[in-house]
Amino acid sequence: MAAQSQPTARSQPAQPQTTATEQPQILARGPWPLEQIRANWRAEHYEPSREHSEAADAAIGALRERGSPSHDGVAARLIDYTQDQTNGIAIELQPQRWALRLIPGDASQSVAALCVTRSADGRWLAGRRAGWVASWAGRWALGAGGAVDLDENPADTLVRELSEEWSVTPERVRGEALVQLPHRLVMFVGQAWLAEGVDAEVTPDHEHDEFTWWPREIDEWPAEAEAPLRLMARWLTAE
């Protein structure tokens with residue numbers, strides 16, 4: 001049977017963002033250059049309980065009923081991580097069923113990457129998610145994001161998702177944090193900056209039905225910028 005251990009930080013303890021259980025928990029905090037982000041994949045697949053398997057089946061079925069082309073597959077589950085100031089962060093992963101990330105109350109430590117994207121002058125790339133997508137449907141989101149593929153380093157996921165969703169390559173990118181959401185979805189958060197003029201080349205994929213550049217100053221963002229997005233941006237720009 002696949003290991004079902006909970007992730008721990010042996011080098012530095014997890015630092016909660018807040019004591020409230022409704023809030024995300026910062027497991028590890030960078031920033032890390034991409035070369036200091038290492039991933040090790042175990043061979044054994046995670047075996048969920050029967051209840052979780054049935055919940056994943058139901059979640060996939062619900063997506064298909066509303067016209068989503070989303071399909072099941074294999075993605076990453078967080079097992080463990082270590083970090084230190086010299087060597088960056090090492091993340092231990094194992095394969096698991098992608099659809100487990102859709103279970104509302106327990107995503108089974110599924111790992112996704114979020115590449116918050118900035119223009120050369122500091123504006124924020126924002127896109128409205130299409131109504132058929134699996135997560136944040138019809139809502140505005142920052143940058144690009146998606147599941148970590150089998151045998152992929154989450155650092156590479158940041159750049160891949162930016163290319164797939166917006167057809168651009170960053171001038172520079174770094175890892176920012178490993179964050180656990182209340183329903184046990186783990187986000188590897190990165191921040192990318194485009195070269196001068198590349199913001200005009202941004203082209204959204206079919207997962208977005210609208211996009212724009214929000215001002216550099218977060219207080220000037222429009223009303224559709226939800227509180228979690230503002231919180232994320234303020235956290236990323238904090239000294």
Side-chain angles (χ1 to χ4, degrees), residues 5-40 75-94 96 100-101 103-118 124-126 135-136 139-148 152-159 161-162 170 172-193 218 221 225-239:
S5 59
Q6 297 301 312
T8 60
R10 293 185 292 267
S11 296
Q12 296 183 12
Q15 297 296 318
Q17 184 173 358
T18 173
T19 57
T21 57
E22 301 83 10
Q23 296 298 320
Q25 181 185 29
I26 299 177
L27 302 177
R29 183 70 166 99
W32 309 289
L34 295 193
E35 61 269 20
Q36 289 192 351
I37 301 166
R38 303 176 306 284
N40 176 61
R77 177 179 184 266
L78 178 67
I79 298 176
D80 204 355
Y81 63 93
T82 59
Q83 64 168 338
D84 61 64
Q85 293 181 345
T86 301
N87 300 311
I89 185 168
I91 304 171
E92 190 166 3
L93 305 168
Q94 71 179 140
Q96 78 166 4
L100 291 171
R101 74 198 299 265
I103 299 174
D106 187 353
S108 300
Q109 300 294 144
S110 298
V111 182
L114 173 64
C115 185
V116 177
T117 305
R118 313 283 299 278
W124 306 75
L125 176 59
S135 59
W136 278 67
R139 299 165 66 186
W140 286 84
L142 291 172
V148 176
E152 186 174 44
N153 186 321
D156 297 327
T157 311
L158 298 174
V159 179
E161 288 289 345
L162 184 56
R172 58 189 175 99
V173 60
R174 70 188 189 190
E176 295 284 2
L178 193 65
V179 179
Q180 180 177 281
L181 302 186
H183 67 299
R184 298 181 70 228
L185 178 71
V186 177
M187 299 291 296
F188 185 80
V189 180
Q191 188 168 194
W193 289 263
I218 301 166
W221 284 9
E226 297 183 35
L229 304 182
R230 296 173 185 268
L231 180 63
M232 171 74 72
R234 294 187 190 283
W235 168 62
L236 290 174
T237 54
E239 295 295 334

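In what follows, every heavy atom counts, from backbone to side chain, and hydrogens, waters and symmetry copies are set aside.
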Locate the shortest heavy-atom distance separating Ala126 from Trp140; write the atom from each residue and the value. O-CZ3, 3.5 Å
Residue pair Ser108 / Gln96, side-chain donor-acceptor N/O under 3.5 Å: no
Smallest heavy-atom separation, Ala75 atom then Ala147 atom, equals CB-CB, 4.3 Å
Determine, stepwise, if the pair Trp221 / Leu229 fulfils side-chain contact (heavy atoms from CB on, under 4.5 Å). CA-CA 10 Å; Trp221 284 9; Leu229 304 182; 4.3 Å; yes
Could I get the full list of side chain to side chain donor-acceptor pair (under 3.5 Å) partners for Arg174, not counting sequence neighbours? Glu176
Side-chain donor-acceptor pair present, Gln109, Arg184, cut-off under 3.5 Å: yes
Going through the distances and angles, do Leu78 and Ile91 end up as a side-chain contact (heavy atoms from CB on, under 4.5 Å)? CA-CA 7 Å; Leu78 178 67; Ile91 304 171; 3.6 Å; yes
In Å, rounded to the nearest 0.5 Å, how long is the span from CG of Leu236 to CZ of Arg118? 8.0 Å
Hey, does Val179 have a side-chain heavy atom less than 4.5 Å from the side chain of Phe188? no
Under 4.5 Å between any side-chain heavy atoms of Leu142 and Trp124, yes or no? yes
Taking all atoms of both residues into account, what is the closest heavy-atom pair of Asn153 and Ala39, and its distance? ND2-N, 3.8 Å
Any side-chain heavy atom of Val186 sitting closer than 4.5 Å to one from Ser110? no
Can you list everything that forms a side chain to side chain donor-acceptor pair (under 3.5 Å) with Glu152? Sequence neighbours excluded, please. Thr157, Arg160
Test item: Arg38 and Ile89 side chains (from C-beta on) under 4.5 Å apart, heavy atoms: no
Residues in salt bridge (Lys or Arg N to Asp or Glu O under 4.0 Å) with Glu161, at least two apart? none
Would you give the length of the straight line joining atom CZ of Arg234 to atom CD1 of Ile218, rounded to the nearest 0.5 angstrom? 5.0 Å
Give the intermediate values and the outcome of side-chain contact (heavy atoms from CB on, under 4.5 Å) for residues Tyr81 and Leu178. CA-CA 9 Å; Tyr81 63 93; Leu178 193 65; 3.9 Å; yes
Point-to-point distance, once rounded to the nearest 0.5 Å, from CZ of Arg77 to CZ of Arg101: 15.0 Å
Atom CD1 of Ile79 and atom CD of Gln94: how far apart are they, to the nearest 0.5 Å? 3.5 Å
Which pair of heavy atoms, one from Thr86 and one from Asp84, lies closest together, and at what distance? N-OD1, 3.0 Å
In this structure, CD of Gln191 is separated from CG of Leu114 (nearest 0.5 Å) by 10.0 Å
CG-NE2 distance between Asp106 and His183, expressed to the nearest 0.5 angstrom: 9.0 Å
Evaluate Val111 against Leu93 for side-chain contact (heavy atoms from CB on, under 4.5 Å), listing each step before the verdict. CA-CA 9 Å; Val111 182; Leu93 305 168; 3.9 Å; yes
State, to 0.1 Å, how close Leu34 and Gly175 come at their nearest heavy-atom pair, and which atoms those are. CD2-N, 4.3 Å
Thr117 side chain to Cys115 main-chain N or O, any donor-acceptor pair under 3.5 Å? yes
Closest heavy-atom pair and its distance - Ala177, Trp235: CB-CH2, 3.2 Å
